[in-house]
*Asks:* 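Have a look at the structure that comes next, please.
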Amino acid sequence: MNRTIKIIIFVLFLVTAGSLFSQPVPGSYYEFMDAVKDMPVQHDKKSLIIYRPDNTGNMNYIRCFLRLEDEQGNDVTYTACTATYEWVSIPDVINQYKKTYYLSGGMAMHLKLKGGRYKITLYTPVDQQANFNYAKADTVPFQWESNTFVYDTENPTKVIFVKPTYDENGFYNGGWKIDYKN
C-alpha cells in the first residue's frame, strides 16, 4: 500500500473517530465566524484570473490562446507561469490544461506567475476560427489579436476580462479586448 493511500485512510479514521466522540458545542460556529470576520483577505500577488464570459452562438467555441511575454519581449507563456481552468457553469472544479493555455466562452483561467512584469495578449489563429463568418463578405480571414495588458506582480490586478470585439452594428469582427477590474 503506498504512502498516499495510508495517509487518506488515517485521515478518514480521524474524521470518523472525531465525529463519534465529539459533542456539539452550542454557538461554536458563530463564535468562529465572529473571530474570522475581521481577518484580512489577501490576494496572492502572483496569481491572476482571466475570465471569458459566455458569448452567443458559435463564438463560445472559438478559442483565444494566451501569449505571455517578459519585458524584453520573449515568449514565456510556458516557463513563467502555470495555469488551470474552471468552467463557470461548474464552479470550484479546477481542471489542468493538457497542452496549450486557451479560453473558450464561459471559462476562467487561473495563472500562477513568477514575480515580474508581463505583457499579456490573447490571439486566435485563422485555422482555429471554426469557419467564422465575417460581417463583410470581402474580408480575408486574419489572426485575431487582443490589446496588450501589462501585469506587474508587485502591483497586481486580481481579474481581467476577455471578450470578442464587435463593429458598430454589434457583429463580431475578429479580435479580443482585454479589460480589467481591481
*Asks:* I need the minimum non-hydrogen distance between Thr82 and Tyr101, along with the two atoms involved.
*Replies:* CA-OH, 3.7 Å
*Asks:* Any chance you could measure Tyr78, atom OH, to Lys99, atom NZ, to the nearest 0.5 Å?
*Replies:* 11.0 Å
*Asks:* I need the Asp54 CG to Ser89 OG distance, nearest 0.5 Å.
*Replies:* 7.5 Å
*Asks:* Grab the two heavy atoms, one from Gln129 and one from Pro141, that are nearest each other, plus how far apart they are.
*Replies:* OE1-CB, 4.5 Å
*Asks:* Tell me if a side-chain donor or acceptor on Asn147 pairs with a main-chain N or O of Ile178 at a distance below 3.5 Å.
*Replies:* yes
*Asks:* Rounded to the nearest 0.5 Å, what separates atom CD1 in Ile62 from atom CG in Asn60?
*Replies:* 9.5 Å
*Asks:* Are there more than 12 heavy atoms of other residues, nucleotides or ligands under 6.0 Å from atom CG of Asp127?
*Replies:* yes
*Asks:* Specify whether Tyr102 and Tyr85 have parallel, tilted or perpendicular ring planes, treating 30° as the upper limit for parallel and 60° as the lower limit for perpendicular.
*Replies:* tilted
*Asks:* Atom CG of residue position Asn95 - does it have more than 12 heavy atoms of other residues, nucleotides or ligands inside 6.0 Å?
*Replies:* yes
*Asks:* Looking at Tyr134 and Val140, would you say the former's side chain and the latter's main chain have a donor-acceptor pair under 3.5 Å?
*Replies:* no
*Asks:* Would you say Thr77's side chain and Leu68's backbone share a donor-acceptor pair under 3.5 angstrom?
*Replies:* yes
*Asks:* I need the minimum non-hydrogen distance between Asp75 and Arg67, along with the two atoms involved.
*Replies:* OD2-CG, 4.3 Å
*Asks:* Side-chain heavy atoms under 4.5 angstrom apart, residues restricted to Ile, Leu, Val, Met, Phe, Trp, Tyr: same cluster for Trp87 and Leu122?
*Replies:* yes
*Asks:* Glu86 and Val93: side chain to side chain contact (heavy atoms under 4.5 Å, CB included), yes or no, with the steps?
*Replies:* CA-CA 6 Å; Glu86 67 180 311; Val93 177; 5.8 Å; no
*Asks:* So does Thr148 get a backbone contact from the side chain of Thr121, meaning a donor-acceptor N/O pair under 3.5 Å?
*Replies:* no
*Asks:* Do you reckon Ile94 sits in the same ILVMFWY cluster as Met109, going by side-chain contacts under 4.5 Å, direct or chained?
*Replies:* no
*Asks:* Start with the C-alpha gap between Asn55 and Tyr172, add the side-chain angles, then the distance that decides, and say whether side chain to side chain contact (heavy atoms under 4.5 Å, CB included) holds.
*Replies:* CA-CA 10 Å; Asn55 304 113; Tyr172 297 127; 3.7 Å; yes
*Asks:* Check whether more than 12 heavy atoms from other residues, nucleotides or ligands sit under 6.0 Å from atom OH of Tyr166, and answer yes or no.
*Replies:* no
*Asks:* Step through the shown structure and confirm whether more than 12 heavy atoms of other residues, nucleotides or ligands are within 6.0 Å of CG on Asn133.
*Replies:* no
*Asks:* For residues Tyr97 and Ile50: do they belong to one hydrophobic cluster (side chain heavy atoms under 4.5 Å, members Ile, Leu, Val, Met, Phe, Trp, Tyr)?
*Replies:* yes
*Asks:* How many angstroms lie between NE2 in His110 and CG in Leu48, if you round to the nearest 0.5 Å?
*Replies:* 10.0 Å
*Asks:* Roughly how far, to the nearest 0.5 Å, is the CD atom of Glu69 from the CZ atom of Arg117?
*Replies:* 13.5 Å
*Asks:* Testing the basics here: between Ala83 and Gln96, what is the closest heavy-atom pair and its distance to 0.1 Å?
*Replies:* O-OE1, 4.3 Å
*Asks:* For Phe142, look at atom CZ and say whether over 12 heavy atoms of other residues, nucleotides or ligands are found less than 6.0 Å away.
*Replies:* yes
*Asks:* Is Phe132 reachable from Val126 through a run of I, L, V, M, F, W or Y residues, each pair having side-chain heavy atoms under 4.5 Å apart?
*Replies:* no
*Asks:* Identify the heavy atoms of Glu71 and Lys119 that sit nearest to each other, and give their distance.
*Replies:* O-NZ, 4.0 Å
*Asks:* For side chain to side chain contact (heavy atoms under 4.5 Å, CB included), just list the numbers for Tyr51 and Val88, CA-CA rounded to whole Å, side-chain angles, deciding distance to a tenth of an Å, and then say yes or no.
*Replies:* CA-CA 9 Å; Tyr51 173 54; Val88 177; 3.1 Å; yes
*Asks:* Return yes if some donor-acceptor pair links the side-chain N/O of Thr153 with the main-chain N/O of Gly116 below 3.5 Å, else return no.
*Replies:* yes
*Asks:* Can you confirm whether more than 12 heavy atoms, excluding those of Tyr61, are under 6.0 Å from its OH atom?
*Replies:* no
*Asks:* Do Ile160 and Val150 sit in one hydrophobic cluster, given that two such residues count as connected whenever their side-chain heavy atoms are within less than 4.5 Å of each other, even indirectly?
*Replies:* no
*Asks:* Please report the interatomic distance CG(Asp152) to OG1(Thr157), rounded to the nearest 0.5 Å.
*Replies:* 9.0 Å
*Asks:* Evaluate the criterion side chain to side chain contact (heavy atoms under 4.5 Å, CB included) for residue pair Leu111 and Leu66; output intermediate values, then yes/no.
*Replies:* CA-CA 10 Å; Leu111 282 180; Leu66 176 70; 3.9 Å; yes
